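If you're wondering where the values come from, they're calculated on a predicted model, not measured in any experiment. Atoms within each ligand, like the ligands themselves, are counted from 1 in listed order.
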Amino acid sequence: MIILGIETSCDETALALIEAEGNSVGVLSDITHSQAALHAKYGGVFPNLAKREHSKNLIPLLKTALVESNLISNSSNCLISKQTEKGLAKMLNREPELLAEFLKFIPTIAPPSIDLIAVTEGPGLEPALWVGINFARALSTVWNIPVAPVNHMEGHIVSALLRRSDMNNEGGIKNSVKTDKQALSESSIIHNSEFILHSPSFPALALLISGGHTELVLIKKLGQYETIGETKDDAIGEAFDKVARILGLKYPGGPEISKLAGKARQEKQGSTLESEKRSDLVLPRPMLHSGDYNFSFSGLKTAVLYTVTELPKLTEKIKVALAREFEDAVTEVLTSKTTKAIKKFGIETLIIAGGVIANTHIRASFEELRATAFPSLEFLIPEIPHSTDNALMIAVAGFLRLSRKGDSTKASAEPLLAKGDLRLDEK
Ligand code: KG4
Ligand code: ZN
């Protein structure tokens, strides 16, 4: 079946078209348009700007995705009756720009052979989420296709189950997809890829680390999630972004800190690291011994702020040392809590997903942990381009959800969203 995935929960407008059958996923189109450069001025994501940008981007991206997938045809155009147009105007009344583009483009093409629309229903920024949900509902109305609402965090989990079957890791990547989110100032397009949807052994544990979440989730089987630990304050990606701001680095801060910390690690041979000589540059490891699986990162950010405030001058050398120390501190907390949970719950598969797993040092540390402490543990992480937000993971999660339910879900985003910021174990 062919599935259109739509992701607008934060500052990426992303669309994907996949052809999925059993455990095989063919990617017809996979487009991610990052707004990071626009939000950088505000030092973080500005929800109403994100909403406006999604409204502007969706139709041009849909056009590109359909062309890429060879799903576009104008043989029998999609006529929209006056009554349907009225309904659409109501549905998209908060997105007038999207409505205008929708009414200009959709009637010029035949309804494409898409079987399901999967859309992120949450968690995320509400104004941004609604653009994607309303767009999905509008397409569902004119093309008569069911909509499956998808939990964004389940999408991240699913991203770790995708294994390339074309054995070509660079395969099909056009427009040089970069590791760092902020580098994706233009749309990145990944196409012609083939993936196998891997079935992990259970119980599995997912460590979800993103801009909005830090969670340890116990998975007895796909679709059955229990959050066993979470952050009590800031999410880890948020901490990366805030610390970057304190250090005068641009948004999104994760890749920037990672770059600086990488420099420090390279310099280590000469043992010139500031943090190794100066105890005032040593940061705390919050909640390391709390005895539970929860996290806290806001104190760590405050510690960086105090350190910087007390310095006579924030030199480049100190920035580099602090970035490395920060990365070390969060990595130690993450690996320690995860180790505890793996032991306690007899975990067979460890999944790590969410934007922060794009971090090279965190990836390497977990790989090392598995190799040294848990050699028989299955370890699944998404490839770097699919670590940060994307619509491929949403399309595949929609497919899995449909396979679990055995039937299609009508556009039901509204009542589900009314519950507010959905947690993963609410399913
Ligand atoms: O999953 P994601 O794309 O969006 C959310 O669902 O939140 O995650 C975005 C977060 C941002 O906070 C960003 O700074 C962080 O992921 N991030 C990184 C790296 N790349 C992105 N954090 C650390 N190191 C990276 N290389
Ligand atoms: Zn995300």
Side-chain angles (χ1 to χ4, degrees), residues 5-14 32-37 39-40 43-45 47 50 120-125 128-129 132 150-160 177-184 188 206-215 217 231 234-247 249-263 265 297 300-301 323-324 326-331 334 351-366 381-394 397 421-422 424:
I6 303 174
E7 158 62 39
T8 65
S9 69
C10 194
D11 60 343
E12 256 93 27
T13 320
T32 307
H33 180 89
S34 171
Q35 309 168 5
H39 294 281
V45 183
T120 303
E121 55 155 358
L125 302 171
L129 283 165
V150 168
N151 182 295
H152 181 80
M153 301 316 287
E154 185 174 32
H156 276 302
I157 293 177
V158 166
S159 71
V177 175
K178 307 250 174 61
T179 314
D180 295 336
K181 203 172 167 185
Q182 115 274 11
L184 298 170
S188 73
L207 171 65
L208 302 177
I209 42 176
S210 69
H213 289 258
T214 313
E215 280 175 28
V217 179
T231 180
D234 292 353
I236 183 169
E238 193 180 346
F240 265 97
D241 295 337
K242 287 178 175 169
V243 166
R245 210 152 132 189
I246 297 168
L247 298 182
L249 307 169
K250 62 177 185 234
Y251 172 85
E256 297 299 311
I257 297 218
S258 171
K259 248 186 265 164
L260 279 191
K263 253 190 207 171
R265 284 174 219 290
F297 296 106
L300 194 49
K301 164 207 71 194
R324 191 202 76 144
F326 173 77
E327 219 178 55
D328 280 350
V330 296
T331 307
L334 291 178
I351 292 169
I352 311 183
V356 178
I357 198 57
N359 183 285
T360 340
H361 178 66
I362 300 177
R363 280 174 103 88
S365 304
F366 273 100
I381 43 176
E383 56 179 26
I384 285 175
H386 292 117
S387 295
T388 44
D389 290 350
N390 63 87
L392 172 63
M393 68 186 196
I394 302 304
D421 198 31
L422 284 176
L424 202 60

Measuring only between side-chain heavy atoms, which start at C-beta, is Val330 closer than 4.5 Å to Phe240? yes

Considering the heavy atoms of His156, write down every atom of ligand 1 situated less than 4.0 Å from one of them. 1 (O), 6 (O)

Contacting atoms of ligand 1, where contact means under 4.0 angstrom from a heavy atom of Gly212: 7 (O)

Determine whether Glu12 and His33 make a side-chain contact, defined as any pair of heavy atoms from C-beta on separated by less than 4.5 Å. no

At a non-hydrogen distance cut-off of under 4.0 Å, which region of Asn359 contacts ligand 1 (side chain, backbone, both, or neither)? both

Ser258 side chain near His361 side chain, heavy-atom distance below 4.5 Å: no

Are Glu327 and ligand 1 in contact, using a heavy-atom cut-off of under 4.0 Å? no

From the options Gly262, Gly211, Gly124, select the one whose nearest heavy atom is closest to atom 10 (C) of ligand 1. Gly211

Any donor-acceptor N/O pair, Asp234 side chain to Phe297 backbone, under 3.5 Å: no

Is a side-chain N or O of Thr8 found less than 3.5 angstrom from the main chain of Gly132, in a donor-acceptor match? yes

Decide yes or no on side chain to side chain donor-acceptor pair (under 3.5 Å) for Glu121 and Asn151, but give the supporting numbers first. CA-CA 6 Å; Glu121 55 155 358; Asn151 182 295; 5.0 Å; no

For Asp389 versus Ser9, what's the shortest heavy-atom pair and its separation? OD2-OG, 4.0 Å

Could you pull out the N/O/S protein atoms under 2.8 Å of the Zn ion (ligand 2), ignoring any water? His152 NE2, His156 NE2, Asp389 OD1

Any N/O of Gly354 closer than 3.5 Å to an N/O of ligand 1? no

Interfacing atoms of ligand 1 (cut-off 4.0 Å, heavy-atom, Ala358): 20 (N), 26 (N)

Please indicate whether any nitrogen or oxygen in Asp389 is less than 3.5 Å from any nitrogen or oxygen in ligand 1. yes

Contact between ligand 1 and Cys10 is defined here as a heavy atom of the residue under 4.0 Å from a ligand atom; is it met? no

Indicate yes or no: at least one non-hydrogen side-chain atom of Arg245 is less than 4.5 angstrom from one of Tyr251. no

Under a 4.0 Å heavy-atom limit, does His152 contact ligand 1 with its side chain, its backbone, both, or neither? side chain

Minimal non-hydrogen separation, Ile384 against Ala358, with atom names: CD1-O, 4.2 Å

Looking only at distance, does Glu12 have an N or O less than 3.5 Å from an N or O of ligand 1? no

For a quick check under 3.5 Å, do His152 and Glu7 share a side-chain donor-acceptor pair by atom type? yes

Out of Ala235, Ala244, Ala36, Gly355, who is nearest to atom 17 (N) of ligand 1 when you count heavy atoms only? Gly355

Distance filter under 4.0 Å to Gly237 heavy atoms, resulting ligand 1 atoms: 12 (O)

Does any non-hydrogen side-chain atom of Pro385 lie less than 4.5 Å from one of Asn390? no

Asp241-ligand 1 polar pair, N/O distance under 3.5 Å: yes

Ile209 side chain near Leu334 side chain, heavy-atom distance below 4.5 Å: yes

I'd like to know if the side chain of Thr120 reaches the main chain of Val150, judged simply by a donor and an acceptor atom lying under 3.5 Å from each other, with no hydrogens or angles considered. no

